[in-house]
Number of protein chains: 2
Amino acid sequence: MITRSEENYIKAILSINLEKNSIVLTNEIAKILETSAASVTEMIKKLQDKKLVIYEKYKGVKLSKAGRIKAFEILRKHRLWETFLVNKLDFSWGEVHEVAEQLEHIKSEKLTDKLDHFLNYPKFDPHGEPIPTKSGIIPSTKRITLSEMKINSEGIIMGVSLDNKEFLDHLTKISISIGTKIEAIDRIIFDQSMKIKINSKIEHVSKEIANNILIKVN
Amino acid sequence: MITRSEENYIKAILSINLEKNSIVLTNEIAKILETSAASVTEMIKKLQDKKLVIYEKYKGVKLSKAGRIKAFEILRKHRLWETFLVNKLDFSWGEVHEVAEQLEHIKSEKLTDKLDHFLNYPKFDPHGEPIPTKSGIIPSTKRITLSEMKINSEGIIMGVSLDNKEFLDHLTKISISIGTKIEAIDRIIFDQSMKIKINSKIEHVSKEIANNILIKVN
DNA sequence: AAAAAATTTTAGGCTTGCCTAAAAAAAGAC
DNA sequence: GTCTTTTTTTAGGCAAGCCTAAAATTTTTT
């Protein structure tokens with residue numbers, strides 16, 4: 001049996017690994033989990049005993065095959081629950097993370113599968129992040145940021161790359177949501193802000209916002 | 001902050017109290033939670049410090065006002081989640097308990113409220129047990145057991161009074177589910193078994209089964 | 001009402017997951 | 001390449017929630 005705390009470590013290791021694509025250091029885990037480096041070392045040893053990670057003293061840690069499977073399972077559950085909260089319960093983007101963080105630890109394979117079915121096998125969560133399949137495969141799409149869109153081109157909003165409540169609440173306000181069609185109307189060179197068209201309404205977004213909205217083109 | 005373990009104790013105290021309607025003894029809690037009497041005593045003291053229970057050494061324990069509110073909150077969540085699992089995810093009666101046992105500890109008032117709304121404010125869970133409202137009121141209905149039905153009378157199945165997997169799975173097999181109309185056709189005096197009509201199909205149920213099916217008449 | 005039995009509490013220990021401080025190792029500066 | 005700084009690990013402690021064994025209290029029996 002894997003404990004909730006162990007799950008959080010495994011999850012942290014996966015997310016760091018996905019980002020920098022190399023061995024994960026003690027301090028990086030400590031930072032994400034807001035814990036001490038000593039606690040991390042301690043836990044890594046337990047995970048090693050359970051064959052969930054491969055660890056070399058002072059060098060860093062990576063997930064074993066079993067650990068990777070477990071980690072993707074948690075990620076899958078997290079993203080399915082986020083999808084449920086937004087699509088079915090009408091949560092806004094900014095509110096889901098904390099709750100999904102709890103729901104991802106519910107242990108029941110049947111529940112996960114039935115939830116997946118109920119949501120109609122979604123490929124992406126409300127932030128546009130891919131949801132791993134049951135067999136652990138991550139769907140991929142080529143996505144660009146809104147900032148990178150060509151003027152006068154069209155795209156579909158696929159998600160965001162920033163998980164900040166104020167940011168997400170603002171998007172909700174200007175009707176930016178997953179699956180919505182978006183058109184790049186103009187770019188103001190001075191501040192890199194943009195004019196866009198959403199639901200045939202023109203909106204103006206700053207560079208900071210445009211940088212964090214993910215678009216699928218074509 | 002109330003811990004998961006504390007929540008389980010509070011919940012156990014409520015359920016014992018609802019059943020026998022008097023002060024709750026250490027051993028009764030120990031039995032339900034499958035733990036030692038010593039652990040129960042220890043935890044009761046913690047709950048007393050947090051003003052969730054009123055406790056007198058060697059005499060027993062009961063919930064304080066705050067404790068009762070908390071306990072009903074957990075019960076409410078448990079039964080809402082069971083309803084979700086059966087009505088939306090298509091779980092069978094026998095499968096939901098263990099999962100709901102986990103889900104009831106998710107901390108988010110917003111989640112509970114939105115779930116309640118999504119389920120259309122159900123008054124009873126799939127076992128026919130009343131779901132406490134947000135303000136802690138338990139709806140009540142007059143219900144009788146199938147055994148008590150008059151021959152040739154009709155009723156609606158409201159739930160069961162036994163939470164046993166084999167039992168519930170059997171009910172599923174003979175199409176007995178919440179809200180279904182049922183008609184008492186005949187009673188065999190010898191063994192108190194009954195013939196009933198469900199969805200215009202005749203079924204035969206033993207005394208043991210009839211004792212544990214709850215019916216709303218009229 | 002005293003003895004026996006059952007229940008409950010206390011005492012002392014264990015594991016998990018966290019902490020700080022100190023020691024060891026690795027990385028960076030000169 | 002040695003010295004300094006940073007990172008990581010080890011050592012020792014603490015709270016939560018469990019345990020068993022022994023002591024205290026209550027209940028039952030006779």
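In what follows, chains carry the letters A, B, and so on, assigned in the order in which the sequence lines appear, proteins first and then strands, with residues in each chain numbered from 1.
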Sequence-aligned protein contact record of nucleotides 2-11 of chain D, with B where the base is within under 4.0 Å of a protein heavy atom and S where only the sugar-phosphate is | -----SBBB-

Work out how much the helix from dA1(C)-dT30(D) to dC30(C)-dG1(D) bends between its end axes, five pairs an end, to the nearest 10 degrees.
-> 10°

Please work out which residues in residues 2-19 of chain A have a non-hydrogen atom less than 4.0 Å from an atom of DNA chain C and list them by number.
-> T3(A), S5(A), Y9(A)

Let me know the distance between CD1 of I29(B) and P of dG17(D), rounded to the nearest Å.
-> 15 Å

Taken to the nearest whole Å, NE2/H105(B) to C1'/dG17(D) is 15 Å

Those residues at least two apart in sequence (or on a different chain) that pass side chain to side chain donor-acceptor pair (under 3.5 Å) with S193(A) are D191(A), H204(A)

Whole-Å gap separating P (dG17(C)) and CD (E34(A)) | 18 Å

List in chain and number order the residues that pass ring pair (Phe, Tyr, Trp, His ring centres under 6.0 Å) with Y58(B), two or more places apart in sequence or in another chain; answer none if no residue qualifies.
-> none

Residue-phosphate contact under 4.0 Å: K46(B) side-chain N/O, dG17(D) OP1/OP2 = yes

Atom CE of M1(A) to atom P of dG17(C): distance rounded to whole Å?
-> 13 Å

All ring pair (Phe, Tyr, Trp, His ring centres under 6.0 Å) counterparts of Y9(B), not counting sequence neighbours | none

K50(A): salt bridge (charged side-chain N to carboxylate O under 4.0 Å, His left out) partners, not counting sequence neighbours = E6(A)

N17(B): what forms a side chain to side chain contact (heavy atoms under 4.5 Å, CB included) with it, not counting sequence neighbours?
-> V24(B)

When the distance from CG of L33(A) to P of dG17(C) is rounded to whole Å, what number comes out?
-> 13 Å

Residues which pass side chain to side chain donor-acceptor pair (under 3.5 Å) with E101(B), listed by chain and number, not counting sequence neighbours = K11(B), H97(B)

Tell me, which pairs form a salt bridge (Lys or Arg N to Asp or Glu O under 4.0 Å) where one or both residues lie in residues 18-40 of chain A, sequence neighbours left out?
-> K20(A)-E28(A)

Answer yes or no: is there a donor N or O on one side and an acceptor on the other, between the side chain of T145(B) and the main chain of I213(B), under 3.5 Å?
-> no

List for me each residue that meets side chain to side chain donor-acceptor pair (under 3.5 Å) alongside T172(A), sequence neighbours excluded, and say none if there are none.
-> none

Side-chain ion pair, K134(A) and D113(A), N-O less than 4.0 Å | yes

With sequence neighbours excluded, residues passing side chain to side chain donor-acceptor pair (under 3.5 Å) with T180(A) = S177(A)

